[in-house]
There are 2 protein chains.
Amino acid sequence: MAETTRPMRRQEIRRENEKAILLAAEKVFAEAGFGGATMQLIADLAGLPKANLHYYFATKEELYRSVVQNIFEIWLQAANCFDAARGPVDGISAYIDAKMEISRRHPDGSKVWASEVMHGAPVLQDYMESTLREWTDGRVEIIRRWIEEGKMDPVDPRHLLYMLWATTQHYADFGHQIETLNGGKSLSDRQWREAKENIKRVILTGIGAQPA
Amino acid sequence: MAETTRPMRRQEIRRENEKAILLAAEKVFAEAGFGGATMQLIADLAGLPKANLHYYFATKEELYRSVVQNIFEIWLQAANCFDAARGPVDGISAYIDAKMEISRRHPDGSKVWASEVMHGAPVLQDYMESTLREWTDGRVEIIRRWIEEGKMDPVDPRHLLYMLWATTQHYADFGHQIETLNGGKSLSDRQWREAKENIKRVILTGIGAQPA
DNA sequence: CTGAAAGCTGACCATACGGTCAGGATGCAA
DNA sequence: TTGCATCCTGACCGTATGGTCAGCTTTCAG
């Protein structure tokens, strides 16, 4: 990678290698699942000897945990959209945009996250019972208020959230299916825009929050 | 299992053992993924010695293939709802009901299917390019006709289908998350009903197909 | 310049897994 | 009853994988 063999700073080395490993791990875990992934594959993809992986991450479990926590953080960041909003149109639109962008930019991370949850969240159970639950309860409260204020129809907030998660996440997790049905090509910029617009229109109309 | 050691018919034996193996395999593949699943675990769960598995299914791949094809068939059966319908309200309602029932009754199968697609459909690529594509194109055509006939708003049929798939499948694949957010309890009959109603209401309203 | 700490790695190990096989048990048709 | 095809299984094997380690190189503070 580095053309000149300029001496690297310790900190720099650590940062770069960890980043490379995490990126490779994310991809391999996404493609093969935890059980199917091998440290050797991750090492090859990261361009490092396998033993070096164990220098940075003691075990496969530890590496996996780091990958999952990373994507969970990104996932939570999309939450901010909700808070700053004054009504369902703003809030839900922004949230859909944010989550669709995650599906597009971090499909591997999304898959790892989906896999983790599908397998019973062995690593993230704590987070789900604390952070995720708090986040969800907060958002449920916001939606409930919007309903009270007549800004949208009385829809069960939880099922609405599930719908948002499901619909947006689908474009990452089932991306391969979507590509296949798209003639084997990945979605173009325009198609991504159309996807977002369709989702927003259907859901916002569906909850009676369309802006005139 | 059999209390009396009544002699079993050959056919019967075969059928029962294959069924037991497939059921166990579905569960183990769902919980651990293909790579994480072991023939030993499947054998234990099926109550058979490992070697007996290989008598019925030569390889792990072959067993996996059978499991995946099984769920794909169930998945396709839900299609009929669409065909018999006279309009979006009937058709989409029935489809959502059917797919939600699959998520509820076959959560393991749904997870295996999701896993298969997430990992690039190594086994089902053929089916996706033939059967699934045909099915989808047919349904797209039906929806397009509904739009032409003014029975619903002009929504992109493909993205609508993705939304239906995503939303319903979510209750199986992310069932663990939903349970966690439900206080660790699985959804009750009433909650499943509410889920269905919410989804149907939001989507049907969202596409402008609400009946009066 | 020097020594210690950090970074690196080829070779190695124990284990677990998918798969095999020889040979025994069981049903069933004739 | 007999013979044979099907069914079953404990013991075994080769391989791949996660992980270890001794010893090397590189950075860098003092």
Side-chain angles (χ1 to χ4, degrees), chain A residues 1-22 24-29 31-68 112 119 122-123, chain B residues 1-22 24-29 31-68 112 119 122-123:
Chain A
M1 283 299 158
E3 312 77 25
T4 68
T5 11
R6 165 181 65 86
M8 275 190 169
R9 306 284 154 154
R10 287 249 168 90
Q11 214 186 358
E12 195 179 350
I13 290 174
R14 213 183 176 88
R15 215 166 356 103
E16 293 218 346
N17 279 346
E18 278 182 357
K19 205 173 104 184
I21 293 170
L22 284 171
E26 185 176 274
K27 185 165 186 182
V28 173
F29 282 133
E31 284 175 358
F34 178 81
T38 70
M39 295 298 268
Q40 188 63 63
L41 245 164
I42 296 171
D44 291 349
L45 194 61
L48 296 169
K50 192 185 68 158
N52 207 354
L53 255 65
H54 284 96
Y55 176 72
Y56 285 100
F57 300 91
T59 67
K60 190 183 177 188
E61 274 82 7
E62 189 184 316
L63 176 54
Y64 175 75
R65 186 185 302 267
S66 295
V67 171
V68 171
V112 175
H119 297 3
V123 161
Chain B
M1 283 298 160
E3 312 77 25
T4 68
T5 10
R6 166 181 65 85
M8 275 189 169
R9 307 282 156 160
R10 286 252 165 87
Q11 212 186 0
E12 196 178 350
I13 289 174
R14 217 187 171 83
R15 214 169 353 104
E16 294 218 343
N17 278 346
E18 277 182 357
K19 205 174 103 184
I21 293 170
L22 285 170
E26 185 176 275
K27 184 165 187 182
V28 173
F29 282 133
E31 285 175 356
F34 178 81
T38 69
M39 295 299 268
Q40 189 62 63
L41 244 164
I42 296 170
D44 291 348
L45 193 62
L48 296 169
K50 192 185 69 162
N52 207 354
L53 256 66
H54 284 96
Y55 175 73
Y56 285 99
F57 299 91
T59 66
K60 192 184 176 186
E61 272 82 6
E62 189 183 318
L63 175 54
Y64 175 75
R65 185 184 303 266
S66 296
V67 170
V68 171
V112 175
H119 297 7
V123 161

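A note on names: the letters A, B, ... follow the listed sequences, proteins ahead of strands, and every chain is numbered from 1. Below, each value reflects all heavy atoms present in this structure, side chains not excepted, and no hydrogens, waters or symmetry copies.
- B:L41 has its side chain out of reach of B:L45: every pair of non-hydrogen atoms, C-beta onward, lies at least 4.5 Å apart.
- For A:Y64 and D:dG19, the OH to P distance is 15 Å, given to the nearest whole Å.
- Across all strands shown, A:E61 has heavy atoms under 4.0 Å from sugar-phosphate atoms exclusively, and none from any base.
- Ring geometry for A:F34 against A:Y64 counts as perpendicular: the plane angle is over 60°, on a 0 to 90° scale with 30° as the lower cut.
- What separates CD1 of B:I13 from C1' of C:dC28 is a distance of 11 Å, to the nearest Å.
- Per the geometry, CZ belonging to B:R15 stands 18 Å off P belonging to D:dT6, to the nearest Å.
- Distance CZ (A:F57) to P (C:dG7): 13 Å, rounded to an integer number of Å.
- Summarising the geometry of A:A32 relative to B:H119, their closest heavy-atom pair is C-NE2, 3.9 Å, with the distance given to 0.1 Å.
- Proximity of B:R14 to the phosphate of D:dC7: a side-chain N or O atom is located under 4.0 Å from OP1 or OP2.
- Following rounding to the nearest Å, A:L63 (CG) and D:dT17 (P) show an atom-to-atom distance of 16 Å.
- The distance between atom CG of B:L48 and atom C1' of C:dA25, rounded to the nearest whole Å, is 16 Å.
- One cannot find a donor-acceptor pair under 3.5 Å joining the base of D:dG19 and the side-chain atoms of A:K60.
- Side-chain nitrogen and oxygen atoms of A:Y56 include at least one within less than 4.0 Å of the OP1 or OP2 phosphate oxygen of C:dC8.
- One can place CD of A:Q11 at 10 Å from P of D:dC28, the figure rounded to the nearest angstrom.
- Residue A:A51 has its side chain nearest to C:dT9 when only C:dT9, D:dG10, C:dA6 are considered.
- In this structure, A:N52 does not reach the C:dG10 phosphate: none of its side-chain N or O atoms is under 4.0 Å from OP1 or OP2.
- When the options B:L22, B:V28, B:L48 are evaluated for a side chain to side chain contact (heavy atoms under 4.5 Å, CB included) with B:I42, the one that passes is B:V28.
- Within 4.0 Å of A:A37, counting heavy atoms only, lie sugar-phosphate atoms of the nucleic acid but no base atom.
- Nucleotides of DNA chain D nearest to A:G36 and B:L53 differ in position, and the one nearer the 5' end is that of B:L53.
- Each of D:dG10, D:dG18, C:dG18 was ranked by its minimum atom distance to the side chain of B:P49; first place goes to D:dG10.
- A straight line from NE2 of A:H54 to C1' of C:dA11 spans 15 Å, rounded to a whole angstrom.
- An OP1 or OP2 oxygen of D:dC7 is reached within less than 4.0 angstrom by a side-chain nitrogen or oxygen of B:Y55.
- Atom NZ of A:K27 has 12 or fewer neighbouring heavy atoms from other residues, nucleotides or ligands inside a 6.0 Å radius.
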